Amino acid sequence: MLLHIGAFQLDINSQGNTPWHGLAPRTRVLCALLFVFATALTPNERWGTWLIYAVGLMGLIILSRAALSVLLKRVAVESSFIGVVLLGTLFRGGGTVLWHWGWLQITSEGLAVLGSVTVKALLCLLMMNLLVLTTSIPALLNALAELRMPSLLVAILASMYRYIGVLMEEFATMRRAAASRNLLSSSRGKRLVVGNMIGSLFIRTYERGERVHHAMLSRGYTGLPPTIECPQGRSQDRWAIATLVMLLLIGQVVYFL
Amino acid sequence: MHHNPIFIRQLSYAYPDGHEALRDIHLSIAATEKVAIVGANGSGKSTFLLHLNGILLPQTGEVIIGELPIVPQNLKAVRNFVGIVFQNPDDQIFMPTVWEDITFGLMNQGLNKHDLSHRAHHAMYAVGLEPELYASRIAGNLSGGEKKRVAIAGVLAMQPQVLVLDEPSAQLDPRSRRQLINLLASLPLTQLIATHDLDLALELCSRTIVLSHGQIVYDGETAAVMNDSTFLEKHALEMPLSHCKPYCLVVDRPSDRPHPATLGEIRSRG
């Protein structure tokens, strides 16, 4: 459960001094998005393309000096969620049947789709986690605003980031309070109490939302978050995007040669 | 600066459930005056403060800020005129970093980049936060005293003419509280301070308004009301510690109490 993670810091490698950190956050977000789209839109079974992308991504991970153990740990946790979806693709029909038991069957096509989707998901997860690991969250939010993401959406993300720590703290306080009054050790009682805590957390969140809105109004908020100025792109940003686009194109072209 | 920045006439407010939070409030506050608003929990202090920059609109009566009555079309000007520092800094600081939060109000005012940075720096220095150290700090990771200062800086940066504070010294350690008192004493603004901390009120404010069940029951000199313990007790308040005479010395003991027996006397009685 997310609320059990002790220290809440996503961007542990954001203070680096590498060429990747030298890029504007906006460029990094753009590169990550291009990479994810190119990977996800590649048709199934193009292993060569993904090999090239994976080599490029490895290069980037080494270049950015991101903490590899943290990166892999996060990808592993997220993969467990994706695993449930992936399992469904294994048992689809089509192609030659390799194994069957009752109505369950594994076919050659099922295996190919499973392999392709797994590789795609893994590459995308690695890229996104690298981005989050190496870019501070406020910079990331600014970058999204600069890339013309609707400002209300960015504001919602920003307050989610601001208040998740407060909520976790509040939940921890409630749990401590329950424990200090001898929270029942039976698991049913515990579930009941935790359920009530989550309920009261919802109500507190709502009330806090109202107070925050008052504070925003009293500093001149009119319903639209203030927009930020967008600085000019520098030459290294242009080079980074050009290099990435070249890599993506090479990956696609190998299948037409 | 306007010479009479706040004028309120016959203000009443009832919540949707019928609870009457304010009844027939009438007052006027002069420029650069520092006024304490005291009262028990639920006496209507917070509801009153929310009327001062139009978060709540008056149901009956009127509130005039500067020369502007509080009506929907004046809200923008009124909110630039009156800055409110809310009780819980976690409600007030809603942007991810300190810098973004302090510049939030300025961006809403539509300032250009240069003025914005200048004003934000000025406000940060005023509350004793080094911009180089604090600008990029994540708001959630600050201590209570630092959060309070960031909250005040965010409001000061908007250069209001009236500063309204709700329970400014709540949850502060003695040193942060002392720094806050020194800071507020040094600001030449009109200030309204709602507080339970009567020592703070006595130190900062020459005038005090006591609210009880939504009504003004006292409006006058701070020192006079702080000496009247029966009046304060009647309205669920207590004399400030600095007005209670300590009787650590035997000669200062109240005369109606028996002389404490010495250890030797007790032993000889036994």
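To find a chain, count down the sequence lines: A is the first, B the second, and so on, and within it residues start at 1. Only a predicted model underlies this, so the values are computations on that prediction, with no experimental measurement involved.
Using a 4.5 Å cut-off between non-hydrogen atoms, the part of residues 36-60 of chain B that approaches chain A consists of Leu50(B), Asn53(B), Ile55(B).
The local environment of CD in Gln15(A) is sparse, with at most 12 non-hydrogen atoms from other residues, nucleotides or ligands closer than 6.0 Å. Around the CZ atom of Arg65(A), the shell of radius 6.0 Å holds no more than 12 heavy atoms that belong to other residues, nucleotides or ligands. Under a cut-off of 6.0 angstrom, the local environment of CE in Met149(A) is crowded, with over 12 non-hydrogen atoms contributed by other residues, nucleotides or ligands. Residue Tyr15(B) places its OH atom among more than 12 non-hydrogen atoms of other residues, nucleotides or ligands, all under 6.0 Å distant. Counting heavy-atom neighbours within 6.0 Å of Tyr125(B) OH, excluding the residue itself, gives a total above 12.
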Which side-chain N or O atoms in residues 83-102 of chain B pair as donor and acceptor under 3.5 Å with protein atoms at least two apart or in another chain?
residue, atom, partner, partner atom, Å
Asn88(B), OD1, Asp90(B), N, 2.9
Asp90(B), OD1, Arg162(A), NH2, 2.7
Asp90(B), OD1, Lys147(B), NZ, 3.2
Asp90(B), OD2, Lys147(B), NZ, 3.4
Asp91(B), OD1, Arg208(A), NH1, 2.9
Asp91(B), OD2, Arg211(A), NE, 2.5
Gln92(B), OE1, Phe86(B), N, 2.7
Thr97(B), OG1, Glu100(B), N, 3.3
Thr97(B), OG1, Glu100(B), OE1, 2.8
Glu100(B), OE1, Thr97(B), N, 3.4
Asp101(B), OD1, Arg219(A), NH2, 3.4
Asp101(B), OD1, Phe94(B), N, 3.0
Asp101(B), OD1, Met95(B), N, 3.3
Asp101(B), OD2, Arg219(A), NH2, 3.1

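Counting heavy-atom pairs closer than 4.5 Å to chain A, the top residue among Val82(B), Val155(B), Ile138(B) is Ile138(B).
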